[in-house]
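First the structure, in the form of structure tokens, and then the observations on it.
Everything quoted here is computed from the prediction, not taken from an experiment. Values below: all heavy atoms of this structure, side chains included; hydrogens, waters and symmetry mates excluded.
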Amino acid sequence: MTQLMATIHLLLFLLLSASMTIGLEVGYYSETCPQAERTVRKVMERAMRREARSGASGCDASLLLDDTPTMLGEKLALSNINSLRSYEVIDEIKEELEEICPGVVSCADIIIMAARDAVALSGGPCWDVSLGRKDSLFASQEASNKIMPSPRANATYLIQLFQRFNLSIENLVALSGSHSIGYGRCFSIVFRLYNQSGSGHPDPTINPAFREVLDKLCPLGGDGNITGGLDATPVVFDNQYFKDLVDGKGFLNSDQVLFSTDKRTRKWVVQFSQDQDKFFSSFGEGMIKLGSLPPATADGEVRLNCRRVNKPVDEAFLEYLTSNNDDDKRNHIKRHAKQGGHWKL
């Protein structure tokens, strides 16, 4: 799976650029698009059969926006480069939903459902998701960089980041367990293998035998895009991640510090390593809490294509006028109708 922790931090990005979340409810699409959740699950199952790393990332769907002449999207934000691989899966889900109930299900809600299904289909817990989000009208590399912590982050920074959004230390550690599934790049760990904190030496908290494995995987001067599992069972959602941290086998510095350097987070790492049911319960609670955070703005729309905001009405009308094909005209009418228009052939 793609690194699900990216989903967690991009859900935090909701507070900076997400659209209205007031009125979220379980079963939001039960009347307007009753097949929505079933369709997302079906596409996720298909995607995971193709490639076990097809998790979903993002929250208000700002991450999905491609660059435009006036806006730099978040796909090339520092923490996202070569890390998020799920755009095509979201596109596939959106296309199927547009066939069933056009203009109804937001890309932001697709991401929320897909993240839940990615966990469940990997052996993890399942939880009810509250839906009814709108899609962001913009993306921001700068804001994404501020929210997405560096793999060098320490426990204090992570605690403070989550506290900004009224998320507890238990929430932090449980949601960090999203690294139970996924892979990390050598680029993200070379510093801790060879020059931790500028010391010229490896991170002393790494299990020596595990460090030998990582040295072979990620030699100094090697290919930074080579990947390794974030835990010993990278395609299964379980509590192995926490067991690995207790053993000094965390892949990322920002993971290992949760056990090795701070007693506030250590107690939760130990508890989750010993009790998978408790981890699953806390993870589901954390995801529900995360998905209910209030947004910074009420502006938003239901995107017709997750990679770009909807066209202004006048631009869509111009396409309609210049179309010589009745089918094309009907498609333009459909797209405009979703924005409140009432054209007729």
Handout entry: Check: Arg152 main-chain N/O paired with Ser254 side-chain donor or acceptor under 3.5 Å
Key = no
Handout entry: Within one Ile-Leu-Val-Met-Phe-Trp-Tyr cluster: Ile226 and Leu230, side-chain cutoff 4.5 Å
Key = yes
Practice task
Start with the C-alpha gap between Glu170 and Ser282, add the side-chain angles, then the distance that decides, and say whether side chain to side chain donor-acceptor pair (under 3.5 Å) holds.
Solution key: CA-CA 8 Å; Glu170 178 184 357; Ser282 294; 2.7 Å; yes
Exercise for the section: First locate atom SG of Cys33, then atom CD of Glu31, and finally report the distance between them rounded to the nearest 0.5 Å. Expected result: 12.5 Å
Handout entry: Thr265 versus Ala155, closest heavy-atom pair with distance
Key = OG1-CB, 4.3 Å
Exercise for the section: Identify the heavy atoms of Ser273 and Asn239 that sit nearest to each other, and give their distance. Expected result: O-ND2, 3.1 Å
Problem - Donor-acceptor pair between Tyr241 and Asp255 side chains, under 3.5 angstrom - result: yes
Problem - Verdict with reasoning, Leu131 to Val26, per side chain to side chain contact (heavy atoms under 4.5 Å, CB included) - result: CA-CA 6 Å; Leu131 303 171; Val26 174; over 6 Å; no
Handout entry: Under 3.5 Å donor-acceptor, Thr39 side chain and Gln35 backbone
Key = yes
Practice task
Please find out if less than 6.0 Å separates the ring center of Phe162 from that of Tyr157.
Solution key: no
Practice task
Determine whether Lys243 and Gln274 make a side-chain contact, defined as any pair of heavy atoms from C-beta on separated by less than 4.5 Å.
Solution key: no
Practice task
Measure from the ring center of Phe251 to the ring center of Tyr183 and say whether it is less than 6.0 Å.
Solution key: no
Problem - Value rounded to 0.5 Å, distance of CG in Asp223 from CZ in Arg185 - result: 10.0 Å
Practice task
Indicate yes or no: at least one non-hydrogen side-chain atom of Asp231 is less than 4.5 angstrom from one of His179.
Solution key: no
Exercise for the section: May I ask you to decide if Val257's main-chain N or O and Ser260's side chain share a donor-acceptor pair within less than 3.5 Å? Expected result: no
Problem - Salt bridge present between Lys94 and Glu98 (N-O < 4.0 angstrom) - result: yes
Problem - Min side-chain heavy-atom separation Asn253-Asp203 under 4.5 Å - result: yes
Practice task
State, to 0.1 Å, how close Met44 and Ala118 come at their nearest heavy-atom pair, and which atoms those are.
Solution key: CE-CB, 3.9 Å
Fill in the blank from the handout: Heavy atoms of Tyr194 and Leu220 approach each other most closely as OH-N, 3.4 Å
Exercise for the section: Calculate, to the nearest 0.5 Å, the distance between atoms CG and CG belonging to Leu214 and Leu193 respectively. Expected result: 5.5 Å
Exercise for the section: Verify, without hydrogens or angle tests, whether Asp135 (side chain) and Ala108 (backbone) share a donor-acceptor contact under 3.5 angstrom. Expected result: yes
Problem - ILVMFWY network linking Phe191 to Leu258, side-chain heavy atoms under 4.5 angstrom - result: no
Practice task
Tell me whether Ile112 is reachable from Val302 by hopping between hydrophobic residues (I, L, V, M, F, W, Y) whose side-chain heavy atoms are closer than 4.5 Å.
Solution key: no
Handout entry: Atom CZ of Phe187: over 12 foreign heavy atoms under 6.0 Å
Key = no
Problem - Glu285 side, atom CD; Leu290 side, atom CG - distance, nearest 0.5 Å - result: 13.5 Å
Practice task
Kindly indicate, with the supporting measurements, whether the criterion side chain to side chain donor-acceptor pair (under 3.5 Å) is fulfilled by Tyr28 and Asp109.
Solution key: CA-CA 10 Å; Tyr28 179 83; Asp109 277 346; over 6 Å; no
Exercise for the section: Answer yes or no: is there a donor N or O on one side and an acceptor on the other, between the side chain of Ser199 and the main chain of His201, under 3.5 Å? Expected result: yes
Handout entry: Residue pair Arg192 / Ile206, side-chain heavy-atom distance below 4.5 Å
Key = yes
Practice task
Please check if the side chain of Ser180 supplies one atom and the backbone of Val236 the other of a donor-acceptor pair under 3.5 Å.
Solution key: yes
Completion exercise
In terms of heavy-atom contacts, Thr156 and Asp262 come closest through OG1-OD2, 4.0 Å
Handout entry: Glu301 side chain to Asn310 backbone, donor-acceptor under 3.5 Å
Key = yes
Practice task
Would you name the heavy atoms of Ile90 and Cys306 that are closest together and state the gap between them?
Solution key: CG2-SG, 4.0 Å
Handout entry: Side chain proximity check, Arg303 to Arg308, heavy atoms < 4.5 angstrom
Key = no
Problem - N-O pairing of Arg116 and Glu37 below 4.0 Å - result: yes
Handout entry: Any side-chain heavy-atom pair of Leu97 and Val104 under 4.5 Å
Key = no
Handout entry: side chain to side chain contact (heavy atoms under 4.5 Å, CB included) evaluation trace for Asp277 with Ser281
Key = CA-CA 6 Å; Asp277 289 340; Ser281 174; over 6 Å; no
Exercise for the section: Drop me the distance from Ile288's CD1 to Asn171's CG, to the nearest 0.5 angstrom. Expected result: 11.0 Å
Exercise for the section: Not counting sequence neighbours, which residues clear salt bridge (Lys or Arg N to Asp or Glu O under 4.0 Å) with Asp117? List them please. Expected result: Arg41
Practice task
Could you walk me through whether Ile159 and Leu172 pass the side chain to side chain contact (heavy atoms under 4.5 Å, CB included) test, one step at a time?
Solution key: CA-CA 7 Å; Ile159 290 171; Leu172 161 64; 3.7 Å; yes
Problem - Donor-acceptor contact present, side-chain Ser106 to main-chain Arg133, <3.5 Å - result: yes
Exercise for the section: Evaluate whether atom NZ of Lys267 has more than 12 neighbouring non-hydrogen atoms of other residues, nucleotides or ligands under 6.0 angstrom away. Expected result: no
Handout entry: Steps toward side chain to side chain contact (heavy atoms under 4.5 Å, CB included) verdict (Ser130, Glu25)
Key = CA-CA 4 Å; Ser130 295; Glu25 59 182 272; 5.7 Å; no
Practice task
Nearest 0.5 Å please: distance from the CZ atom of Arg38 over to the CE atom of Met113.
Solution key: 12.0 Å
Handout entry: Sidechain-backbone polar pair: Gln196 side chain, Pro202 backbone, donor-acceptor under 3.5 Å
Key = no
Exercise for the section: Flag the pair Val105 / Ile110 as yes when at least one side-chain heavy-atom distance between them is below 4.5 Å, and no otherwise. Expected result: yes
Exercise for the section: Would you check if Val235 and Ser122 make a side-chain contact, meaning some heavy-atom pair closer than 4.5 Å? Expected result: no
Practice task
Identify the residue among Phe259, Trp268, Phe272 that makes a side-chain contact (heavy atoms from CB on, under 4.5 Å) with Phe242.
Solution key: Phe272
